[in-house]
Amino acid sequence: MLRRSLLYLSQQAGLRRWMENSPLSRKLTSRFVAGRTLADGIRVLEKLFAENILGTLDHLGENVHSLEDAVRSRNSYLEALSQIEHAALPATVSIKLTQFGLDFSEQACRANVRALVERARAVNSRVEIDMEASAYTDRTLRLVMELHADFKGQVRAVIQAYLYRSEADIRMLSARGVPVRLCKGAYHESPSVAFARKPDVDTNYVKLMKLLLEEGTEPAIAGHDETIIRQAMRHIKEQNIAPDRYEFQMLYGIRRDLQRQLIARGFRLRLYVPYGDAWYPYFMRRLAERPANVLFLAKNLLRK
Ligand SMILES: Cc1cc2nc3c(=O)[nH]c(=O)nc-3n(C[C@H](O)[C@H](O)[C@H](O)COP(=O)(O)OP(=O)(O)OC[C@H]3O[C@@H](n4cnc5c(N)ncnc54)[C@H](O)[C@@H]3O)c2cc1C
């Protein structure tokens, strides 16, 4: 109930404007968001790298309002790649196609993303293409495959375990050698396309994770579910999967205890590091995933 309400609030424009301009925003978000500027994002990446943790930088913003906005997003990511190169960080960038103009023109979106992937190749980085709501899945995978055909290894797709179609998508991507990040899925989907019950999502996640670890190219196992992460570790050991063939991924600020454990045990870990002014929908989805966070934040706000 609270989860649904938070997901609903994540889409309310008026509340979003108010929250993003609130003087309390920094205090509210610092746990999950690196800061408002690219320099904040790079600073966090550097700090993480010193702890042997890799990063993927996300300039917050989705569903832009015009193609001009989309070009601005592309330019901000081009600058992010330049700064990543300048700081000599082994970091990638994560983008959303709606931020690159997908709602307006698939062709313009493709041109924007291609420019970014070209730059990623030049600076030895990679573009991870986040997966949004299921209305975008076909178009997103189509673009990822096109880019993979032209820039092999320079893009990573994301597959959501809550969608019924995901096993077929993983088989198709793995057969073509496309790197995949597996996550549970963060949007509110209809039971006609996605498992509605959490245990079913978790069971499907484990099945897909094993498939990816065995047949995928550089899979990223993304999430914070300790039971699932332990199952992944067991499977990796049993199947004797080499440590450079996969990585774990988590969100900045979530389950820092588990992050430290993975690093201490020698696993490769990459954190998703968001920065920017448009933090509201991202932040609300993090609250929706764990409504107990609302209490945690309320306590933080009351603390001086
Ligand atoms: C690197 C990365 C990239 C992602 N990319 C995408 C994407 O492209 N598209 C998409 O739809 N989704 C994406 N997600 C989000 C994902 O789909 C899930 O919504 C999110 O990871 C929560 O699922 P979970 O694996 O943590 O498992 P859950 O079952 O939700 O949580 C398991 C445990 O993790 C901890 N936990 C989880 N979330 C939180 C939180 N917000 N605060 C505190 N503790 C928490 C709690 O201990 C919880 O019990 C991504 C997630 C990660 C880690």
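As the structure lists them, so they are numbered: ligands from 1, and atoms in each ligand from 1.
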Regarding [atom]: of the candidates [options], which has the closest heavy atom?
| atom | options | answer |
| --- | --- | --- |
| atom 6 (C) of ligand 1 | Ala161, Ala288, Cys183 | Cys183 |
| atom 21 (O) of ligand 1 | Met250, Lys198, His224 | His224 |
| atom 15 (C) of ligand 1 | Gln160, Lys184, Arg285, Arg286 | Arg286 |

Checklist entry - Do the numbers put Arg286 on top of the ring of Tyr282, so that NZ or CZ is under 6.0 Å from the six-membered ring centre and no more than 45° off the axis? => result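 Yes, a cation-pi geometry.
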Which atoms of ligand 1 are found less than 4.0 Å from any heavy atom of [X]?
| X | result |
| --- | --- |
| Tyr187 | 11 (O) |
| Arg255 | 35 (C), 47 (O) |
| Asp130 | 8 (O) |
| Val158 | 7 (C), 8 (O) |

Is there a protein heavy atom less than 4.0 Å away from [atom]?
| atom | answer |
| --- | --- |
| atom 27 (O) of ligand 1 | yes |
| atom 24 (P) of ligand 1 | yes |
| atom 13 (C) of ligand 1 | yes |
| atom 8 (O) of ligand 1 | yes |

Check this for me: does any side-chain nitrogen of one of [X] and [Y] sit under 4.0 Å from a carboxylate oxygen of the other?
| X | Y | value |
| --- | --- | --- |
| Asp138 | Arg165 | yes |
| Glu68 | Arg72 | no |
| Asp130 | Arg181 | yes |
| Glu51 | Arg256 | no |
| Arg255 | Glu226 | yes |
| Asp40 | Arg36 | no |
| Lys207 | Glu167 | yes |

Quick check: does any side chain N or O of [X] sit under 3.5 Å from a backbone N or O of [Y], one acting as donor and the other as acceptor?
| X | Y | value |
| --- | --- | --- |
| His224 | Leu251 | yes |
| Glu128 | Thr92 | no |
| Arg119 | Tyr77 | no |
| Arg126 | Gly153 | yes |

Who's the nearest protein heavy-atom neighbour of [atom], and how far?
| atom | answer |
| --- | --- |
| atom 52 (C) of ligand 1 | Leu251 CD2, 3.4 Å |
| atom 3 (C) of ligand 1 | Arg181 NH1, 3.4 Å |
| atom 32 (C) of ligand 1 | Asp225 CA, 3.7 Å |
| atom 48 (C) of ligand 1 | Arg290 CD, 4.5 Å |
| atom 38 (N) of ligand 1 | Glu289 OE1, 3.5 Å |
| atom 42 (N) of ligand 1 | Asn293 ND2, 2.7 Å |

If I apply the N/O under 3.5 Å rule, does [X] come out as touching ligand 1?
| X | value |
| --- | --- |
| Ala186 | yes |
| Met131 | yes |
| Gly185 | yes |

Checklist entry - Side chain, backbone, both or neither: which part of Ile254 comes within less than 4.0 Å of ligand 1 when only heavy atoms are counted? => result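 Only the side chain of Ile254 comes within reach of ligand 1.
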Checklist entry - With distance as the sole criterion, is a donor-acceptor pair present between the side chains of Asp103 and Tyr136 under 3.5 Å? => result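 Yes, a side-chain donor-acceptor pair sits under 3.5 Å.
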